[in-house]
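One structure is given here, and the rest of the page talks about it.
We count residues from 1, following the sequence as given. Atoms within a ligand are numbered from 1 in the order they appear, just like the ligands themselves. What you are looking at is a predicted structure, and each value in this text was computed from that prediction instead of being measured.
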Amino acid sequence: MTSSTDSLPQTRHIATAIPGPASAALHCKREAHVTSGFGVAMPVFINRASGGILEDVDGNRIIDFASGIAVTSVGAVNARVQAQVAAQMARFTHTCFMVTEYDSFTQVAAWLNAHIPGDFEKRTALFSTGAEAVENAVKIARAATGRKRVLVFDDAYHGRSLLTMAMTAKVNPYKKNFGPFPDEVFRAPTATRLWARAGEEATAATALAEVEALLKANDPETFAAMVIEPIQGEGGFLVPAPGFLGGLRELATKYGIVLVMDEIQTGMGRTGKLFASEHEGVAGDLTLTAKALAGGLPLSAVTGRAELMNAPHAGGLGGTYAGNPVACAAAMGVFETFEDGTLLKNALAIEATAREVLQPLVHSTAIIAEFRGRGAMLAVEFADKTTLEPRADLAAQVAASCHRQGVLVLVCGTYGNVIRLLPPLVIGPELLRDGLDVLREAILAANEGQSDTASASALAVV
Ligand SMILES: *Cc1c(COP(=O)(O)O)cnc(C)c1O
């Protein structure tokens, strides 16, 4: 099988300062033509990518711990995806599935129906973006239940469209200046570590009691859907306490509410299982996929109980590009790549290596509150160890240091104090270790800086 992976060395290489002169010039040009409403995590322009490497226009080879936000899990250049896409491109690019049909749409639906958790008959609807999948899940739940309300959670992220902004928790940057938002969205607590900051223990039972109290106070039978990420992504890679997802499943069943599992970031093998809800043995009534679903092409899906999925009237769901044939072909290439189980094993191997390198820092430094996550969805939380005060400044400082040394990490978290790791599942072990070592050294240097500041101020007091 031919692949341009072979032509791009899988080693970090620093050719210029990062960003280098060619990237800086392109960035200048960008500023003259592109809205300033888009931010950028690392202002380098990419020439080629494959495996665990992004090569920029200055010839720097950067280790990719982002995968374009959990998208290029099978690699930014994947031979099976390439072959499927090339074949489809040679046939046709688009018909609109609402105008004339093509079988790859059905094939993608059939694969998702077979692999998404839930021992019941399923149907699937395809769209283009994650936010669209979330919006359509709410449409479907409303049509099926005749109810309006939507329950979401603290630290949730569900997208940037108007309804999904309302469902997202974090105001800056996602919601600021963009309201008013659709109403009928209610927010409940989750059983995550962030409760520890408020001095409460994050057990499933305490959080579930609050969720049920909120439902009861607002008439549970007015809620169409509750939407939860099995591990919260943008909120800070927050893993709920064991039993929380199962408890939500029980509450949803008890009150006839549609449980929507937002697996947009956690899905498609990221956590070492195809879907993160499998770790808890919980199935949503509807499950959402996007991001890694089509190896970088825009494709999203709502998959779930046939009776729910068939509730909307014919013509009620759709979209010009929904389930585009080239994106469907790419998804078929992704499914083929997952077939032999190697990528799921890789996700667990990535976790083992990262744990070995980073977990000890929780004890040996004063600035890491937690190392957490599952599979290749891992994060380091920066906080003052004694007060648990979030330290976004340290996360930013460490990320900037990694970027200068050619390692792309992303910051996330409701408090902006979390560095997340989302390497492609095809990253090689040496490259992974090199990137993790850079991150560890940057954390140790930041920790040193802290104790220097602390001893300096102690001296000043004396
Ligand atoms: C990224 C993301 C979305 C939104 O997906 P888009 O394709 O950016 O619209 C929704 N939910 C979760 C959990 C996500 O991570």
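- Between Phe97 and Tyr102, a ring centre-to-centre spacing shorter than 6.0 Å is recorded.
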Mind listing the N or O contacts between ligand 1 and protein, cut-off under 3.5 Å?
| unit_1 | atom_1 | unit_2 | atom_2 | d |
| --- | --- | --- | --- | --- |
| ligand 1 | 7 (O) | Gly130 | N | 2.8 |
| ligand 1 | 9 (O) | Gly130 | N | 3.3 |
| ligand 1 | 9 (O) | Ala131 | N | 2.7 |
| ligand 1 | 11 (N) | Tyr157 | O | 3.4 |
| ligand 1 | 11 (N) | Asp262 | OD1 | 3.4 |
| ligand 1 | 11 (N) | Asp262 | OD2 | 2.7 |
| ligand 1 | 15 (O) | Gln265 | NE2 | 2.9 |
| ligand 1 | 15 (O) | Lys291 | NZ | 2.6 |

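- Exactly one of Arg374, His279, Gln265 qualifies for a side-chain hydrogen bond (donor to acceptor under 3.5 Å, both in side chains) with Thr271. That residue is His279.
- Note on ring orientation: taking the six-membered ring where Trp is involved, the planes of Phe153 and Phe244 are perpendicular (angle over 60°, cut-offs 30° and 60°).
- Under 3.5 Å, the side chains of Thr222 and Arg147 contain no donor-acceptor pair of N or O atoms.
- Evaluation of the side chain to side chain contact (heavy atoms under 4.5 Å, CB included) rule for Thr203 yields Glu201, Ala205, Thr206 as partners, not counting sequence neighbours.
- Ring-centre distance between Tyr321 and Phe127: not below the 6.0 Å cut-off.
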